[in-house]
Amino acid sequence: MTEDISPLLIVQLVLIARSVALVLFFLGCFSLICQCDGIVTDIKIISGQKCCFFYLLALLDLLAFNKHKPWIETTYHGIITENDEKVLLDPPLIALDKDAPLRYAGEICGFRIHGQNVPFEAVVLDKSTGEGVIRAKDKLDCELQKEHTFTIQAYDCGEGPDGANMKKSHKATVHIQVNDINEYSPVFKERSYKATVIEGKNYDNILKVEAVDADCSFQYSQICSYEIVTPDVPFTVDKDGNIKNTEKLNYSKERMYKLTVTAYDCGKNRASEDVLVKINIKPTCKPSWQGFNKRIEYEPGTGTLALFPSIHMENCEEPITSIQATIELETSHIGKGCDRDTYSEKSLHKLCGASAGTVELLPSPSSTTNWTLGLPTDNGHDSDQVFEFNGTQAIKIPDGMVSSSLKEPFTVSVWMRHGPGAREKETILCNSDKTEMNRHHYSLYVHNCRLVMLLRQDPTEAESYKPAEFHWKLDQVCDKEWHHYVLNIEFPSVALFVDGATFEPFLVSEDYPLHATKIDTQLTVGACWQGGSVHMTQFFRGSLAGLMIRSGKLENKKVIDCLYTCKEGLDVQLPEDVASAVKVQFNPNQSSLTLEGDDIENVEKVMQHISYLNSRQFPTPGIRHLRISTTVKCFNEDSCITMPDSEGYVMVLQPEEPKISLSGIDHFARGASDFESSEGVTLFPELRIVSTITREVEFTKLQENVVSEEIMHNLDNCEVTVVGDDLDGEHESLDLDLTQIQQRGLEMSSSNVGMIITGVNTMANYEQVLHLIRYRNWHTEALFDRKFKLVCSELNGRYISNGFKVEVNVIHTTNPMDHANNAMVQPQFINPVHPASFYVFDCFCPSAVVPSAATIVIVVCVSFLVFMIILGVFRIRAAHQRSMRDQENGKENEMDWDDSALTITVNPMEKPMTELLRFPWQCFTHSVVCFEEGDGCHVGGRGQSLWL
């Protein structure tokens, strides 16, 4: 029976009992006081006062004090349905206070919720009973958060309306669960589905469609069924979304089926949007590689590019025991067999670590290497310099380029492309008698698809046969493809490397050493010079590039491999799980690789990881053909399939071409003494080299879609040329510190037309070196200006900078003591002259009027000078009384100005510069130099000089 009594009723009974006790106590004390007052004795009156005291204490206890804290449960559990605001709590939210039924102290004023971003609030329904509720501030979303946990605390009303001495209960934990409603419909993961099947087969699973539901509860978020909406189609779908055919499909009847599929969740909500399924019907299976693009675009600078990321083998369900696949990258039409750096051969040797002393016999034509100017080339800078020989051209190498007697050991290297030719000898390189005789000292030639090295020994005391001709029979000589040949010659042996592989001579013939003569030799390329008959013979037919000779040292294998290595090729990163199951082999230049394996899946994984790589910053654009050749073995050899070759191509896109810009001070003047000094004048003191590329970007319609971006790359050549007359070596030169050049691994050559700096290095290093170029002229009397032009390039001239022109003017100065009547002036009394800015006027007038105009100006100026001197004498006398301090200051200032390269003639008149500028300066034929504060001007031109 007591279990049915509510806690609220118990609280109310307790409060009522307490109130009754306090009232009885109050009435008892009041009665006692009245009785004591009726007996008039001092002692009883005192007793009555004590009773009043206890009465007051009870009254204060009743009206003034808040002794107890409210009390609530320690834990609450609640449930709320999303999109609703009422929370059902278990147990109900009730706060008790032992101070009840006192006003304020025994009342519950509110509940406080603790926690961050709690979407609930607690409200008191009845202060006296402490009953309250929890409700949501806004509509809740189960999909965002399913459960909420926070703490709650009750507080009473204190001891008065202001809530003084308010007391709080302990903190209770509240757990609220958000119940889901079926508000979302299923949505398919894909917008459409595609599959391909082969005709005449029954499939257990053609493809799987899948939908999801955003509801948070298990009941409403599960997809319970799928349904094909399209009627009369030979397909069915199960509850998991797997679609299969109900009958054999016929390619001739239908080539593609389009199905509409919908989905239902377990709350019977249908998908918001049905999905389209396309099933293609293929004819009877044909074995092949499938799933790769025939055209694969490669963007320069992007690293490796996967060639077959989705490739798979169609084996028509034939059991296979082994697979061998060969992937070939065709690059023979690019450059010299593949994409390589197109720097000069000499620069490439340095980059590969070859020692100094290499001589390049087929350099790119320039002002200092002009012997290849007449040879036909490949007419393009995308690849390196290739020279064509058609059987009629040959060149002579200038004397002194190569020593007439090579020191053994020595190395000859060349790139050659040669096809089947005639039976005559075709000379690549020949050193023969220059006059009188036709003897060949050494030569490299092709004869009947054989490569032959002729090396005749110098005269010796022992006249005996010695090895003289080394023959190699090579298919590479006549296959019309580029190959790299290196001959390391250390008599009596000659080692040949072709594309990095070593070949031994099949025949070595002997001959007597040559007889001693004093005839000079002639080195030629493309034919052999006959000194006795004075003509060329044994012309070469084919293409040559990078012909080099290095005397005194052999080329090591590491350098040879580096020179031949391609910058493009195939690569593969084997997955760990198939690395041991598939065997991979590359050819030397990585243009072909072969895979061998027993499992189709493993071979497919390796094929999907094959990539193309081009490490050049600016690769040669164009097509690289791909071919996949496959051989398979089956359990049943009679029914084993045959895989046809698959073909495609890599399209290397045109790289963003860099624009190399040279900028700096392009016009300046220096005193003649600067040009005559040992250091000379720096030509490019503030030169800056910047390279930019232009990229297309997507902006709004109102903005341009092209931006320039600064990039860093190397340079391999900078050439300084003289504009106008060539340099006269007797009194002018271009100088550069060779130590600075060598420290940066560069080389420098100079002539009367300018200076060339070569070598592969950074733009910053080229800037530093160009800053050091100086021009000297130790006879400047007749020199008024000199002009120079600077051009830099990258990749053997593939990218060329702007032509940066610099003009330097020579300022001629004259000593004031040399002018007429200047002896009358006493320098120690002249007013101090402060260094001032000067003006240079370049005047160009017809030569016919110069003599008369100059005469008139000279007469006027001399008269004006005499007048100024007279006035100056008067001013000097007037200034004679100035203090010694002014004289000392004048001397100090005069000493400061003497440090400059100019001597100024002082004009005592101190006329403004504007008056002097009114003079007919245009009548002078070359230049006028004026100084502001000194009001002095110097006119010079055509060998005449005048001070104003």
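Just so you know, these numbers use all the heavy atoms, side chains as well, and skip hydrogens, waters and symmetry mates.
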Using every non-hydrogen atom in the two residues, find where [X] and [Y] come nearest and quote the distance to one decimal.
X: Gln654; Y: Pro300; result: C-CG, 4.4 Å
X: Asn205; Y: Lys244; result: N-CB, 4.3 Å
X: Val494; Y: Pro505; result: O-CD, 4.4 Å
X: Leu362; Y: Ala545; result: CD1-N, 4.4 Å
X: Pro492; Y: Pro467; result: CB-CG, 4.1 Å
X: Met643; Y: Pro287; result: SD-CB, 3.7 Å

Tell me if a side-chain donor or acceptor on [X] pairs with a main-chain N or O of [Y] at a distance below 3.5 Å.
X: Glu199; Y: Lys282; value: no
X: Asn614; Y: Arg616; value: yes
X: His418; Y: Val477; value: yes
X: Glu247; Y: Pro234; value: no
X: Tyr193; Y: Glu210; value: yes
X: Asn589; Y: Cys566; value: no
X: Thr565; Y: Asp561; value: yes
X: Arg541; Y: Glu426; value: no
X: Asp339; Y: Thr620; value: yes
X: Glu328; Y: Ile628; value: no

If you measure from [atom1] on [X] to [atom2] on [Y], what distance do you get to the nearest 0.5 Å?
X: Lys208; Y: Asn242; atom1: NZ; atom2: CG; result: 5.5 Å
X: Glu747; Y: Thr758; atom1: CD; atom2: OG1; result: 5.0 Å
X: Leu444; Y: Ile428; atom1: CG; atom2: CD1; result: 4.0 Å
X: Gln608; Y: Ser310; atom1: CD; atom2: OG; result: 6.5 Å
X: Gln324; Y: Thr630; atom1: CD; atom2: OG1; result: 9.0 Å
X: Ile206; Y: Ile279; atom1: CD1; atom2: CD1; result: 4.5 Å

Quick one: does [X]'s side chain get under 4.5 Å of [Y]'s, heavy atoms only?
X: Phe470; Y: Leu454; answer: no
X: Ser646; Y: Phe292; answer: yes
X: Met548; Y: Val359; answer: no
X: Tyr251; Y: Asn280; answer: no
X: Tyr343; Y: Arg798; answer: no
X: Leu307; Y: Leu570; answer: yes
X: Glu469; Y: Met453; answer: no
X: Glu481; Y: His483; answer: yes

**Study point:** Result of checking Tyr298, Tyr649, Phe308 against Tyr612 for ring pair (Phe, Tyr, Trp, His ring centres under 6.0 Å)
**Key:** Tyr298
Practice item. Please test Asn315 against Ile600 for side chain to side chain contact (heavy atoms under 4.5 Å, CB included), starting from the C-alpha separation and ending with a verdict. Key: CA-CA 9 Å; Asn315 65 328; Ile600 293 179; 3.3 Å; yes
**Study point:** Pair Ser543-Glu388, side chain to side chain donor-acceptor pair (under 3.5 Å): steps then yes or no
**Key:** CA-CA 5 Å; Ser543 302; Glu388 305 288 344; 2.6 Å; yes
Point to revise | Criterion side chain to side chain contact (heavy atoms under 4.5 Å, CB included) on Val572 and Val606, from CA distance to verdict | key: CA-CA 8 Å; Val572 62; Val606 176; 4.0 Å; yes
Which class fits the ring pair [X] and [Y]: parallel under 30°, tilted 30 to 60°, perpendicular over 60°?
X: Phe410; Y: Tyr442; result: tilted
X: Tyr226; Y: Phe188; result: tilted
X: Tyr445; Y: His447; result: tilted

Got a sec: does the [atom1] of [X] have more than 12 other heavy atoms crowding it under 6.0 Å?
X: Glu504; atom1: CD; result: no
X: Lys253; atom1: NZ; result: no
X: Asp475; atom1: CG; result: no
X: Gln290; atom1: CD; result: yes
X: Lys239; atom1: NZ; result: no
X: Lys557; atom1: NZ; result: yes
X: Glu299; atom1: CD; result: no

Point to revise | salt bridge (charged side-chain N to carboxylate O under 4.0 Å, His left out) assessment of Glu330 paired with Arg624 | key: CA-CA 5 Å; Glu330 178 60 44; Arg624 279 76 162 164; over 6 Å; no
Exercise for review: Tell me, with the steps shown, if Val277 and Ile243 meet side chain to side chain contact (heavy atoms under 4.5 Å, CB included).
Suggested key: CA-CA 10 Å; Val277 178; Ile243 296 177; 4.2 Å; yes
**Study point:** Side-chain donor-acceptor contact under 3.5 Å, His484 with Asp499
**Key:** no
Check your understanding: For the ring pair Tyr485 and Phe497, is the centre-to-centre distance below 6.0 Å?
Key -> no
Exercise for review: Carefully, step by step, assess Thr594 and Asn587 under the rule side chain to side chain contact (heavy atoms under 4.5 Å, CB included).
Suggested key: CA-CA 9 Å; Thr594 301; Asn587 69 336; over 6 Å; no
Exercise for review: Report the residue from Leu746, Asn714, Asn717, Leu348 that forms a side chain to side chain contact (heavy atoms under 4.5 Å, CB included) with Val760.
Suggested key: Asn714
Practice item. Determine, for Asp577 against Lys605, whether the closest basic-nitrogen to carboxylate-oxygen distance falls under 4.0 angstrom. Key: yes
Check your understanding: Hey, mind stepping through Asp571 and Ser611 against side chain to side chain donor-acceptor pair (under 3.5 Å) and telling me if it holds?
Key -> CA-CA 5 Å; Asp571 192 18; Ser611 57; 4.6 Å; no
